[in-house]
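Numbers restart at 1 for each chain; the letters A, B, ... are given by sequence-line order, proteins then strands.
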Protein chains: 2
Amino acid sequence: MAAPDATLRGLTGYRIQRAAIRAMARVNAALAPLGLRRSTFSALAVVSDTPGLRQTQLAEALAIERPNLVQIIDDLEAAGLMVRERAEGDRRAYALLPTEAGRAVYARALARLQRAEAALTRGLSPAETQALHRALQIIEDNAGEETGDEIEIPSA
Amino acid sequence: MAAPDATLRGLTGYRIQRAAIRAMARVNAALAPLGLRRSTFSALAVVSDTPGLRQTQLAEALAIERPNLVQIIDDLEAAGLMVRERAEGDRRAYALLPTEAGRAVYARALARLQRAEAALTRGLSPAETQALHRALQIIEDNAGEETGDEIEIPSA
DNA sequence: CCTAACAGTTATACTATATATCTATATTGC
DNA sequence: GCAATATAGATATATAGTATAACTGTTAGG
């Protein structure tokens, strides 16, 4: 007996979304004990690896809209993991910096996530995981192409 | 110069989530002209392919919580694409059925989605797309394993 | 100097996920 | 047969995340 969603299972978008939901639930579960969630962890990671970058740069790196970053940084500041410092040479901008506690939490969170990752990808060889990442990058790039309001199919 | 999110890019969950967001935006853009979105299309698809199944069965097939299905079906009913009919033999349950219009919209939506799919996966061979689906299924299965509140890593 | 652009923020709308709890109905076990 | 348990669907609620419009203050360019 075929699965009721057999047609949908032939769609790459459907596959990606289902995996994303389940994987994110696991990611958030791994991060919760440290008071983090997916979005705050990502921001803390980028700022820890690249201290001093601007909010606009962080938004671009994480591919999210600038207004949505405000609350994320607010949460990290409130938790004492990150600070906004006025940027030199541009009074509009902030330089984002991790605190000492932020760096420590980041290291622990990354270790936990890498363990969760290992469990997520169990059964996939390193080469298969690499191929998966490459395929996802291609899809992300294709989806991000500017094409008006719908992806165009070139004539065959 | 490494990307600011280079560390994150090594995480499969991060990769999947980024691809999911971009891909879903494209999927919703493709479905919008037909008055559908990802969740209503999925429900319509399963019900069209398997007329008569119950809400609980649909929720299970789509891996969503039963309460969240109520609004989805309400929307499809309001649009005249699906109907709830009292199930025979069980007055608690409904049999979900597509309408004539629902079947027609489903066919058009599926055609549009398949074109969008082709654009999303451009640059991937059919074998690579199949491998992607397989890898995503493994990840979804691993993430869905019951392990308490966090995935356990077996001792090496 | 004026205009346009930028950095960050506020406000808002929408979608989706998850959980608790409820009513009505069906099933099970004694 | 009846009580206890489970189920089907619904309501309510909370949380997270995405997207867009518009705003203020500042910077850059002509």
Heavy-atom nearest pair, A:Ile138 first then B:Arg122, reads CG2-O, 3.5 Å

* Asked: When you look at CZ of B:Arg86, are more than 12 heavy atoms from neighbouring residues, nucleotides or ligands closer to it than 6.0 Å?
  -> yes

Practice item. Identify whether any heavy atom of B:Asp90 sits under 4.0 Å from a base atom; if not, whether one sits that close to sugar-phosphate; answer base, sugar-phosphate or nothing. Key: sugar-phosphate

B:Gln57 atom CD is separated from D:dT7 atom P, nearest whole Å, by 14 Å

How about A:Asp49 and B:Thr7: does a side-chain donor come under 3.5 Å of a side-chain acceptor?
yes

The answer to which of B:Asn28 and A:Leu69 contacts DNA chain C further toward the 5' end, by nearest nucleotide, is A:Leu69

Rounded to whole Å, CG of A:Leu36 lies from C1' of D:dA16 at a distance of 15 Å

A:Leu96 CG to C:dG8 C1', in whole Å, measures 11 Å

- Task: Answer yes or no: does a side-chain N or O of A:Arg37 lie under 4.0 Å from OP1 or OP2 of C:dT17?
- Result: no

Between CZ of B:Arg54 and P of D:dG9 the distance, given in whole Å, is 7 Å

Rounded to whole Å, the CD1-P distance (B:Ile21 to D:dG17) equals 9 Å

Any donor-acceptor N or O pair under 3.5 Å, side chains A:Gln137, B:Arg9: yes

Contact check, residues 58-67 of chain B vs DNA chain D, heavy-atom distance under 4.0 Å, returns B:Arg66, B:Pro67

The residue, B:Arg91 or B:Asn68, whose nearest nucleotide of DNA chain C is more 5′ is B:Asn68

Judged by nearest nucleotide, the residue sitting upstream toward the 5' end of DNA chain D, B:Thr56 or A:Gly89, is B:Thr56

Between CZ of A:Arg92 and C1' of C:dC6 the distance, given in whole Å, is 4 Å

Rounded to whole Å, CD of A:Glu85 lies from P of C:dA7 at a distance of 19 Å

Checklist entry - With no hydrogens and no angle check, is any side-chain donor or acceptor of B:Thr40 less than 3.5 Å from a backbone partner on B:Leu36? => result no

- request: May I ask you to evaluate whether B:Gln55 reaches the phosphate of D:dA10, defined as a side-chain N or O under 4.0 Å from OP1 or OP2?
  value: yes

TODO: Please confirm whether the backbone N or O of B:Leu136 pairs with a side-chain atom of A:Arg15, one donor and one acceptor, at under 3.5 Å?
DONE: no

Just checking B:Arg86: base, sugar-phosphate only, or nothing, at a heavy-atom cut-off of under 4.0 Å? nothing

Please tell me whether A:Gln55 and A:Arg66 have a donor and an acceptor in their side chains that are separated by less than 3.5 angstrom. no

In numerical order, the residues of residues 70-82 of chain A whose heavy atoms come under 4.0 Å of DNA chain D are none

Considering only heavy side-chain atoms of B:Arg84, the closest of D:dA10, C:dA16, D:dA19 is D:dA10

Next on the checklist: Looking at B:Gln17 and B:Tyr14, would you say the former's side chain and the latter's main chain have a donor-acceptor pair under 3.5 Å?
Outcome noted: no

Between A:Leu120 and B:Ala143, the two heavy atoms sitting closest are CD2-CB, 3.5 Å

Looking at A:Met24, is its backbone amide N or carbonyl O close enough to the side chain of A:Asn28 to form a donor-acceptor pair, meaning the two atoms are under 3.5 Å apart?
yes

Whole-Å distance, B:Glu140 CD to C:dT17 P, equals 12 Å

Q. Quick one: is D:dA16 close enough that its OP1 or OP2 comes under 4.0 Å of any side-chain N or O from A:Ser39?
A. no

